[in-house]
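I have placed the structure first, in the form of structure tokens, so that the comments after it can refer back to it.
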Amino acid sequence: MSAIPTELKYVSSHEWLRLEDDGTVTVGITEHAQELLGDIVFVELPAAGANLVAEEQAGVVESVKAASDVYAPIAGEIVAINEALVDAPEIANSDPYGKGWFFRIKPQNAADLDGLLSAEQYAAEIG
Amino acid sequence: MTEPKQTPFYPAHVSAGGKMVDFAGWNLPIHYGSQIKEHEAVRTDTGMFDVSHMLVSDIKGEQAKAWLQKLLANDVAKLGLVGKALYSPMLNEHGGVMDDLIVYRINEAETRYRIVSNAATREKDLAQFGIIGAEFGVTITPRYDLAMLAIQGPHALEKLHGIRPRWRDTLGCLNVFQGADMGNDWFVARTGYTGEDGVEVILPGAEAAAFFQQLHAAGVTPCGLGARDTLRMEAGMNLYGHDMDDGISPLEAGMAWTVDFKNESRDFIGRSALEQQKAAGVEVKQVGLLLESRGVLREGMEVVIPNVGGGVITSGTFSPSLKQSIAIARVPKAIAAQAQVDIRGTLTNVRVLKLPFVRNGKKQFD
């Protein structure tokens with residue numbers, strides 16, 4: 001049973017969101033996602049400053065097994081990307097909720113976070 | 001939907017944390033945590049793979065040699081000593097590859113052989129063995145009672161000596177591509193699918209799990225199908241169903257060296273088709289591709305050679321040893337040192353290399 005921290009929000013495409021003190025949101029992939037993918041070998045991140053709509057492609061995570069698109073879970077501006085992840089993509093396998101974060105987004109609407117899945121709801125979805 | 005079958009190593013896989021998947025109807029581990037770490041263990045130390053899904057068939061008959069000389073494109077007459085192994089394709093009448101397999105000479109009289117063939121082609125192979133075997137009166141005995149474990153890496157033999165000290169003398173004289181009967185249905189062959197030194201051990205199924213635990217306790221890393229695939233690709237070894245199949249000639253799949261035409265009176269199945277292909281000229285060949293930029297080459301991707309034509313990737317992956325993506329491809333023979341691959345809509349430059357990419361842990365190109 002993979003870890004699903006209760007303080008985070010989730011989307012069906014297996015990403016987590018953490019609301020930071022400054023109102024930005026950190027995004028990464030869940031432990032379930034990294035387990036499905038297997039060893040991750042490349043990560044492509046969105047450009048810093050890019051403005052994305054919800055569900056717009058925001059990068060690619062490529063494992064030995066397959067390439068998988070990463071999506072913006074909510075609309076907003078990319079304010080930071082995790083360069084360390086680009087250099088060592090395996091961190092997304094070993095620390096998906098910590099050092100394996102993908103990007104930070106400034107939400108267009110703070111209220112968009114309310115419509116997302118809770119830990120219990122995500123757990124129910126992945127079964 | 002039938003449940004995948006378990007090999008005799010199943011409890012050992014579960015105990016070692018194997019992530020089990022269905023492979024050709026068998027419940028096998030894809031990895032035990034990280035396929036990349038397992039790959040690295042084989043290149044630097046020792047790893048072990050359950051290969052019990054493969055079929056072991058024991059052959060007996062006065063005309064066993066003649067049968068094999070008809071059945072296989074390579075010539076068992078080359079097996080100069082007991083225990084010697086031969087890698088060969090088994091062709092259909094059109095010269096297509098039905099399977100690739102290894103055959104061992106078991107006795108001096110050349111009336112007993114052992115064949116190890118692929119899991120996915122088990123029924124098809126047995127049918128072909130039987131059809132051709134009937135003409136020669138051979139007995140074909142599939143050994144469903146046996147398990148098989150590959151132990152691969154620079155320290156593989158050392159590790160095996162450590163847990164089987166009485167085998168040291170026999171193993172010490174075992175040449176590459178030779179097997180030895182160790183008694184009580186144990187058979188050890190210095191063969192493998194990784195490009196490293198090592199052995200493939202055939203043993204009674206009842207003793208499998210205990211053997212695995214002993215090796216694990218001795219520091220051998222359990223390795224799954226994921227690592228098996230990245231290792232064999234680095235070593236430039238074909239996988240039936242991907243790099244060649246019933247519709248592909250060995251001459252198109254980098255296997256011309258496994259077809260022995262020398263004995264002109266040996267009419268093996270597929271010979272005339274292959275001779276026709278040679279006479280007409282074979283237009284495609286097998287090459288290695290290396291992607292030096294980011295991304296992963298995958299089976300099915302199109303290879304584009306400007307002013308020449310197109311080819312296809314038959315196997316592709318990320319190479320843990322090179323930390324770049326590699327592929328095996330079937331391409332027009334006029335390909336040069338560079339080509340392009342269509343990666344999800346973008347034409348990307350790749351280097352064209354001779355296989356293998358890696359041998360005994362070392363990169364084989366500049």
Side-chain angles (χ1 to χ4, degrees), chain A residues 1-4 13-14 28-48 50 55-71 78 81-100 102-103 126-127, chain B residues 17-23 28-43 221 223-234 242 290-301 313 315-327 341-346 348:
Chain A
M1 197 52 232
S2 59
I4 308 171
S13 52
H14 308 294
I29 64 170
T30 62
E31 179 165 319
H32 179 74
Q34 71 80 22
E35 225 186 67
L36 287 176
L37 285 165
D39 286 331
I40 294 167
V41 295
F42 293 114
V43 170
E44 235 177 77
L45 297 176
E55 290 169 28
E56 192 175 337
Q57 199 207 352
V60 182
V61 57
E62 185 134 39
S63 70
V64 184
K65 217 162 94 169
S68 205
D69 289 326
V70 177
Y71 302 98
I78 305 294
I81 58 175
N82 187 357
E83 301 279 7
L85 184 64
V86 173
D87 295 332
E90 62 274 13
I91 302 174
N93 289 118
S94 57
D95 191 9
Y97 298 113
K99 294 200 174 72
F102 276 54
F103 52 81
I126 65 177
Chain B
K19 183 164 164 71
M20 308 305 283
V21 297
D22 181 338
F23 180 82
L28 289 166
I30 184 97
H31 61 69
Y32 298 81
S34 163
Q35 68 170 86
I36 289 184
K37 288 203 176 81
E38 290 156 31
H39 177 114
E40 288 167 350
V42 172
R43 290 269 178 256
T221 303
C223 298
L225 297 166
R228 186 164 166 81
D229 201 34
T230 52
L231 287 160
R232 69 97 186 166
M233 240 187 275
E234 286 184 355
H242 300 259
L290 177 73
L291 177 64
E292 291 177 309
S293 55
R294 299 160 61 79
V296 179
L297 300 171
R298 300 196 187 268
E299 182 177 337
M301 285 180 177
I313 288 180
S315 288
T317 194
F318 177 78
S319 157
S321 301
L322 302 173
K323 304 219 182 336
Q324 292 172 327
S325 178
I326 55 173
V341 173
D342 181 345
I343 300 183
R344 299 200 307 279
T346 305
T348 311

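Note that the coordinates shown come from a computational prediction; the quantities given were computed from them, not determined experimentally. Just so it is clear: chains get the letters A, B, ... in the order the sequence lines come, proteins before strands, and each one is counted from 1.
For B:Ser34, the parts lying under 4.5 angstrom from a heavy atom of chain A are both the backbone and the side chain. Residue A:Val43 touches chain B through its backbone alone, counting heavy-atom pairs closer than 4.5 Å. There is no contact between B:Ser325 and chain A, counting heavy-atom distances below 4.5 Å. Only the side chain of B:Arg298 comes within contact range of chain A, with heavy atoms under 4.5 Å apart.
The environment of CD in A:Glu55 is sparse: at most 12 heavy-atom neighbours from other residues, nucleotides or ligands sit within 6.0 Å.
The shortest distance between side-chain heavy atoms of A:Val86 and B:Arg294 falls below 4.5 Å. The shortest distance between side-chain heavy atoms of A:Val60 and B:Arg344 falls below 4.5 Å.
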Kindly determine whether B:Thr317 and A:Val64 satisfy side chain to side chain contact (heavy atoms under 4.5 Å, CB included), including the steps that lead there.
-> CA-CA 6 Å; B:Thr317 194; A:Val64 184; 3.3 Å; yes
